Amino acid sequence: MKIEERIARRQRADDAVVPEYDAINPVVHLSEPVGRGTAVEQLLDVVLPTTTAQPTDGYVWGPKGAGKSAVVRPLFEQLRRLLGRSENRLYTSTRAAPAPNVRFVYVDARRAQSAFALLHTVVDTVIAESIPRQGVGRAAIVKRLTDHLAGTNRQLSVAVDHVDEPETLSTDAVFEQFDAFGDAVGCLAVGRDAPRETVVSNRPDTETVHINAYTHYSLLEVLTSRVADGRLRTVTTDEQLTALARWAEGDAHDALAALFGAGVTAEKRGCDRIGPAELATGMEAVPQPCVALGRVVSLPTTRKRIVRQLLAVAEADRSSVGTAADAISDAVDLSRATIERVLYELAESGIIRRVKTGETTATGRPPSRLEPRFPTLVFEHLETEG
DNA sequence: ACCTGGTCCCGGGCTCGGTTTT
DNA sequence: AAAACCGAGCCCGGGACCAGGT
C-alpha cells in the first residue's frame with residue numbers, strides 16, 4: 001500500500017463519526033472498569049484472600065448491564081498477567097513450602113456451552129500442549145486436569161461468566177464441574193439471579209458479591225469515558241448523553257447499544273456527527289426489554305445467518321413463523337423445516353419474540369408475528385463488518 | 001515403525017409426528 | 001379441522017484412540 005493511501009485512510013478514519021467502534025461496543029469491555037472500585041475490592045476478597053491459601057468459590061450477581069462482566073473480565077486478565085507466571089519462579093534453593101501456585105482463568109459460558117466445552121477451555125488455557133476438541137471423552141479431559149493439578153501445589157481460580165442463561169450451563173452444573181477437584185480449584189460464577197434462587201443457597205462456603213445497576217450518574221460516567229475513548233463525534237452538549245443514560249435506566253448494555261446504533265445511523269445518513277435524530281433511531285433499534293447482544297453474537301454460525309436473514313426479510317414476511325421460514329430459506333442453504341425449527345428455538349430463548357396478531361380471519365390457529373429482541377443495528381454492523 | 005479398519009466422542013444439522021390452540 | 005407449535009431423537013462430520021496386521 002502506498003503511503004498516500006495510508007494517509008488518506010487515516011484521514012478518513014479520523015473523519016469518521018465513530019473512529020473506534022470497539023469503544024462503544026456493548027460486548028467489548030474496557031481494560032479498566034469505570035466507577036466500580038468497591039466491586040473490585042469485594043471480588044479480590046473472594047478471589048485473592050490474604051487469610052486462606054485456598055481459592056474460594058464465589059457467586060457474582062446483578063442485573064443485565066450492571067457491569068458484572070466489565071469488572072470480572074479485566075480483573076481476571078490482570079490477575080493472570082500479574083500472578084499467573086509464578087510457574088517460572090524457581091524455588092530450588094529451598095523446597096520447603098512453596099508459595100501456592102494459583103492460575104486465573106476467565107471463561108465465557110456463552111462460548112463454552114456444555115460441561116465438556118467448559119472443562120476443555122479451562123484445560124486448554126492451563127496446559128501448554130493443545131488438547132483435542134473432538135474424539136476424546138470428557139473423562140480424558142478431567143484426567144488431564146487432575147494430573148496437572150497433582151503437580152506442585154498447583155491451584156486454579158476459574159471465573160465462569162454468564163451462567164443460567166437459556167443457552168448456557170446452570171450455576172449448579174458449573175460448580176459441579178469443579179467440585180471433583182476439591183480445594184485445588186475455586187470457581188467464581190457470574191449470573192443474574194439472586195443467590196437464594198440458585199444452588200448457591202445450599203453452598204455455605206460460597207461467597208456472594210452483589211453488583212447493583214449503575215446509578216444515573218455512574219452510567220453517565222461510563223458513557224462519557226467510552227465516548228472519549230472512541231473519539232466519538234457527537235453533539236457538543238452533554239444533554240443527549242444524559243437523556244440516553246436516563247432512558248437506559250442504569251443498563252450500560254442498552255445505553256452503549258443505542259449509542260452504537262446511533263453511530264451506524266449517522267454514518268449511513270452521511271451526517272458528520274451524531275445528532276438527536278440519530279440517537280432516537282439508535283434507541284429504537286434497542287427493544288425493551290432487550291436480550292444481551294453477546295448471546296446473539298455467540299450463537300452458532302448458521303443460527304446467526306438465520307437471524308441476519310430474518311432482519312433482512314420484508315416486514316410482511318415476518319407476520320408468521322411459517323412465512324418467515326419460507327422467505328429465509330430463499331437466502332440460506334437450509335431446509336425450510338430446519339429454519340422453522342430454529343426460529344421456534346430462538347423465540348423460546350427470548351432472542352426473538354412471537355407476538356400474537358389479532359388476525360383471526362382464516363381458519364386454524366392464528367399466526368404470530370416475529371420481532372427481534374436484541375440490538376438490531378449493532379448486530380447487523382458486527383455481522384457484516386466482522 | 002507404519003498403515004488400516006473399527007469404535008467411540010462431541011456438537012450441530014435435520015426431521016418427524018404428536019400436541020395445542022383457535 | 002387446520003394451522004401453529006415443539007419434544008426428542010437420528011444422522012453426520014471431523015477427530016482421537018486402539019488394536020491387529022504388514
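Residue numbers start from 1 in every chain, and the chains themselves are labelled A, B, ... in the order their sequence lines are given, proteins ahead of strands. Please read all numbers here as calculations on a predicted model, not as lab measurements.
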Identify whether the distance between the nearest side-chain nitrogen and carboxylate oxygen of E20(A) and R231(A) falls below 4.0 Å. yes
Whole-Å distance separating the CZ atom of R341(A) from the P atom of dG18(B): 16 Å
Given protein heavy atoms under 4.0 Å, the one-letter contact record of nucleotides 7-13 of chain B, with B base, S sugar-phosphate only and - none, is simply --BSS-S
Given the ring of Y106(A), does R80(A) sit roughly above its face, with NZ or CZ under 6.0 Å from the centre of the six-membered ring and within 45° of the axis? no
Short side-chain N/O contact from Y344(A) to OP1 or OP2 of dC6(C), under 4.0 Å: no
Considering only heavy side-chain atoms of E348(A), the closest of dT22(B), dG7(C), dT15(B) is dG7(C)
Answer yes or no: is there an ion pair linking R373(A) with E371(A), defined by an N-O contact shorter than 4.0 Å? yes
Given dA4(C), dC14(B), dT22(B), which nucleotide is nearest the side-chain atoms of S335(A)? dC14(B)
Starting at atom CG of D326(A), determine the distance to atom P of dA4(C), rounded to an integer number of angstrom. 10 Å
Calculate the interatomic distance between R336(A) atom CZ and dT15(B) atom C1'; express it in whole Å. 13 Å
Charged N to carboxylate O below 4.0 Å: is that the case for R305(A) and E383(A)? no
Test item: C290(A) and H253(A) side chains (from C-beta on) under 4.5 Å apart, heavy atoms: yes
P132(A), nearest nucleotide to its side chain (from dC17(C), dC14(B), dT22(B)): dC17(C)
For dA3(C), take OP1 and OP2 only and decide whether either is under 4.0 Å from a side-chain N or O of S368(A). no
Rounded to the nearest angstrom, tell me the gap between atom NZ in K356(A) and atom P in dC5(C). 8 Å
Carboxylate-amine/guanidinium proximity below 4.0 Å for E348(A) and R354(A): no
N or O in side chain of R354(A) less than 4.0 angstrom from dC6(C) OP1/OP2: yes
Taking atom P of dC6(C) as reference, at what distance in whole Å does atom CD1 of I352(A) sit? 11 Å
Indicate yes or no: does D179(A) engage R203(A) in a salt bridge with an N to O separation below 4.0 Å. yes
